[in-house]
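This report concerns only the one structure given below.
Treat the numbers as computed from the prediction; the structure is a model and nothing was measured.
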Amino acid sequence: MDGVTARAQLGLLRTRITHYPGSGLKGNNLLSAPDVTAGGSVEWRRGDLTALGALTYTGAHFTDVNNRPRGRTDDLIIADIQASYDLGRFRLFGSLKNLFDSRAAIARYPGVVPAGGSGSEPDYDSSVLVQPRTFMAGVKVTF
């Protein structure tokens with residue numbers, strides 16, 4: 001279709017630690033290396049107006065070198081949209097990142113009960129979450 005551009009990408013990765021004597025890590029997945037990543041976008045242009053929608057998929061993966069189950073993230077899909085309007089020297093733009101406000105973990109770090117601590121190991125787990133839904137708007141001026 002005139003004015004429409006579609007893009008897609010796919011990443012396939014298989015990682016295993018094959019040699020690390022005495023570490024106990026042989027056979028583990030590399031940390032932060034999902035088996036599958038994918039994405040796609042559609043851009044629409046009509047005159048001075050441009051709109052874009054994009055999806056990004058990241059497969060489950062370990063963020064813990066020991067591949068403990070509590071160090072595994074879940075599959076994640078993030079949607080973003082943006083639009084801009086060109087007014088010559090001025091360009092108005094806006095975007096909405098993480099459209100559906102996913103609160104998924106992009107990294108998980110299993111905890112360990114410290115000496116003299118109480119509770120169970122999961123009580124000491126920590127995570128890094130996806131940036132929450134974020135709206136941005138602005139004006140670009142060209143001199």
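- Here OH of Tyr85 is found 10.5 Å from OG1 of Thr50. Values are rounded to the nearest 0.5 Å.
- Nearest approach of Phe90 to Asp86, heavy atoms of both residues: O-OD1, 3.5 Å.
- The distance from the CZ atom of Phe62 to the OG1 atom of Thr15 is 10.0 Å, given to the nearest 0.5 Å.
- Under a 3.5 Å cut-off, the side chain of Thr73 and the backbone N or O of Ala107 do not form any donor-acceptor pair.
- The CZ atom of Arg7 sits 8.0 Å away from atom CG of Leu52, with the distance rounded to the nearest 0.5 Å.
- Looking at Tyr109 and Val128, their side chains come closer than 4.5 Å, going by heavy atoms from C-beta outward.
- Contact check for Val36 versus Leu10: side-chain heavy atoms found under the 4.5 Å cut-off.
- The side-chain heavy atoms of Leu31 and Asp64, taken from C-beta on, include no pair separated by under 4.5 Å.
- For the atom pair His61 NE2 and Asp75 CG, the distance stands at 10.0 Å (nearest 0.5 Å).
- A donor-acceptor distance shorter than 3.5 angstrom exists from the side chain of Asn28 to the backbone of Val65, with no hydrogens or angles considered.
- When every heavy atom of Gly53 is checked against every heavy atom of Ile81, the shortest pair comes out as CA-CG2, 4.2 Å.
- Nearest heavy atoms, Pro34 versus Thr58: CG-CG2, 3.8 Å.
- Residues Arg72 and Ala60 share a closest heavy-atom pair of NH2-CB, 3.5 Å.
- The heavy-atom pair separating Asp80 from Lys97 by the smallest distance is OD1-CA, 3.2 Å.
- The only member of Leu129, Leu76, Ile78 that meets side chain to side chain contact (heavy atoms under 4.5 Å, CB included) when paired with Ile106 is Leu76.
- The side-chain hydrogen bond (donor to acceptor under 3.5 Å, both in side chains) with Asp125 is formed by just one residue from the set Arg70, Arg68, Arg108; it is Arg70.
- In this structure, Arg46 CZ and Asp2 CG are separated by 10.5 Å, a value rounded to the nearest 0.5 Å.
- Enclosure of atom OH in Tyr124 by more than 12 non-hydrogen atoms of other residues, nucleotides or ligands within 6.0 angstrom is indicated.
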Using a 3.5 Å cut-off and no angle test, enumerate the donor-acceptor pairs between side-chain atoms of residues 132-143 and protein atoms at least two apart in sequence or in another chain.
residue: Arg133; atom: NE; partner: Leu99; partner atom: O; Å: 2.9
residue: Arg133; atom: NH2; partner: Leu99; partner atom: O; Å: 3.4
residue: Thr134; atom: OG1; partner: Gln131; partner atom: NE2; Å: 3.0
residue: Thr134; atom: OG1; partner: Pro132; partner atom: O; Å: 2.7

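- Of all heavy-atom pairs spanning Ala79 and Leu55, the tightest one is CB-CD2, 3.5 Å.
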